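Notes follow the structure.
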Amino acid sequence: MNRIVFILIPVLVLLFSGCAKVDRDVDNFYPKVRTTNVTVLPNGDVRVTGEIISEGTTPLSFAGFCMDTLPNPRMLSNQVSVDSLYGNTFTATYKALEKSYTYYFRAWAANQKGYAIGGDVSVSNVTMDSTFIPCTLPIDTLTLVTPSSAKNYKYREISNIEQLGFEWRIDLYAGTSSIEIVFGRRPTSGVYRIVHQNEEPKGFAASIMIDNIIQDYNGDIYVREIDANTIEVAICKIEWHDLYERSLRTKFRASYQ
Amino acid sequence: MNQRLIILLLLAVSLGHRCSAIDVGLKFSQLRPRGDIGETYDRGISYELLLAADHWDDKWRATIGLGYTKLNPLLDTFFIYGVKGEKTILPGYNTYEALPMKYLYIEEHFRLFKIKNFSFYAGAGLMLGHTTVKQSYAIEEMIISKDGSIDYMIVGLRGGLQAAYRVAKRFIVTADVRHNALVDQEWTFSFTNRTIGLGILYRFNTKNDEDNE
């Protein structure tokens, strides 16, 4: 009897232990991912696309890209994660890249076991399409819009582009209004996101101040290089709120000193 | 449970068995890791030296044995990662050294049937052993390269089926499949494995044998 118990108990324990399937498919532990292509968009942004060839043996947890100006960028270099897949592909958009560099991108993906990274794809000469400004405006004109009116002004003075330390500044005067635009880099062709005056504009970012009043101005500034010394600046719409909802639009040309 | 106590228990159970013949044997098995080690270590060969209180003509047989195996990792490098914030992936790696396992076991076999020189057994037993997991790992920005070595006392149960064939008066060859359910002493990590093995037993002269002769 004792012997039967001696055998029976282990057999029962064994029947209920270690029955889960063990994943030993090492070739498929990790996702397989490919960097498919990289495209410069008309606004100068760069869209990179990756493809999940296989998820691996466990569900996909993360996917994204990394980018650098050197080949085979490391995973943490300018890493972005994507929120969703479109079928087996995923995309991300890199903004504020400079024309003078070659950029290398790699797609990566991670499942519960680990991660894998694809080969690199490069892009050079990143610049905004010269025709890409999403509005048509008269040159050297400022339009100020309030809830009750929209007034047009001709600029009476447009300063040269002046470099002050790591900032490039333009001052404009029209009617009784003054506008100060500060770029965080030498303004070349591209789209510059407007940041708050308290925030240092870096890369493709700029701050703006109207009538010397600090506000939350929302919008983009489009810059197109006319020649080595002149740029054309277009603002399709900048909005801010004081007592009223206000906005402005303008297009002008400015030159370096 | 105290390690010495378990060893004494195993020996007592084994030596307490009524035996009329003692077999000394060697067994070579292919060990297939399962459990927590299943996705880290590759299959390997296990070697066992055993003593069997053999009742060739009886339904019961007790065995005590010592085993050793060394399992190589499935991959040179496992590409692990950490997560910073919500979705910043920090790449890392984990490399393992070969996993040595030493174990002692006792088993009781019950003969299911016997046809001339061929016997077929079902068996179950207890195991006790030791292993050391050595690894080196790092995750960027999170863990600077670390070498780790953890000793585990492993305990568990084993069970399986065995076919035995008496090829000569003193030699028996065996083939068996076995499942070894093993955990560390804290029951947090599983070293469970399965084996498919071939063995040979040499039967020493005993009074019964001499009588039979």
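Below, all heavy atoms of this structure are taken into account, side chains as well, without hydrogens, waters or symmetry copies. Here is how names work: the chains are called A, B, and so on, in the same order as the sequence lines, proteins then strands, and each is numbered from 1. Everything numeric here is computed off the predicted structure, so don't read it as measured data.
- Heavy atoms of B:Arg178 lying under 4.5 Å from chain A are absent altogether.
- The local environment of NZ in A:Lys237 is sparse, with at most 12 non-hydrogen atoms from other residues, nucleotides or ligands closer than 6.0 Å.
- Counted within 6.0 Å of CZ on B:Phe120, heavy atoms from surrounding residues, nucleotides or ligands total more than 12; the atom is thus considered enclosed.
- Using a 4.5 Å cut-off between heavy atoms, B:Glu86 contacts chain A through its backbone alone, with no side-chain atom that close.
- Of the atoms belonging to B:Tyr41, it is backbone heavy atoms, and not side-chain ones, that fall under 4.5 Å from chain A.
- Within the 4.5 angstrom heavy-atom criterion, atoms from both the backbone and the side chain of B:Thr88 approach chain A.
- The heavy-atom pair separating B:Tyr81 from A:Asn111 by the smallest distance is OH-O, 2.8 Å.
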task: Go through B:Leu90 and A:Tyr115 one step at a time and tell me if the side-chain contact (heavy atoms from CB on, under 4.5 Å) criterion holds.
output: CA-CA 10 Å; B:Leu90 308 174; A:Tyr115 74 94; over 6 Å; no
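- With values rounded to the nearest 0.5 angstrom, B:Glu39 atom CD is found 7.0 Å from A:Thr57 atom OG1.
- For a residue to count as touching a neighbouring chain, one of its non-hydrogen atoms must lie under 4.5 Å from one of that chain's; by this rule B:Leu74 touches chain A with backbone and side chain alike.
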field: Step-by-step side-chain contact (heavy atoms from CB on, under 4.5 Å) determination, A:Asp83 to B:Lys87
entry: CA-CA 9 Å; A:Asp83 293 323; B:Lys87 52 185 181 179; 2.3 Å; yes
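- Both the backbone and the side chain of B:Asp42 come within contact range of chain A, each with at least one heavy atom under 4.5 Å from a heavy atom of that chain.
- Separating the CZ atom in B:Phe78 from the CZ atom in A:Phe29 is a distance of 6.0 Å, to the nearest 0.5 Å.
- Other residues, nucleotides and ligands contribute only 12 or fewer heavy atoms inside 6.0 Å of the OH atom of A:Tyr86.
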field: B:Phe79 vs A:Ile117, side-chain contact (heavy atoms from CB on, under 4.5 Å): CA-CA, chis, key distance, verdict
entry: CA-CA 10 Å; B:Phe79 294 99; A:Ile117 191 164; over 6 Å; no
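- Residues B:Glu140 and A:Met75 are not in side-chain contact: their nearest non-hydrogen atoms beyond the backbone lie 4.5 Å or more apart.
- Counting heavy atoms of neighbouring residues, nucleotides and ligands inside a 6.0 Å radius, atom OH of B:Tyr68 exceeds 12 of them.
- Around atom CG of A:Asn198, more than 12 heavy atoms belonging to other residues, nucleotides or ligands sit under 6.0 Å away.
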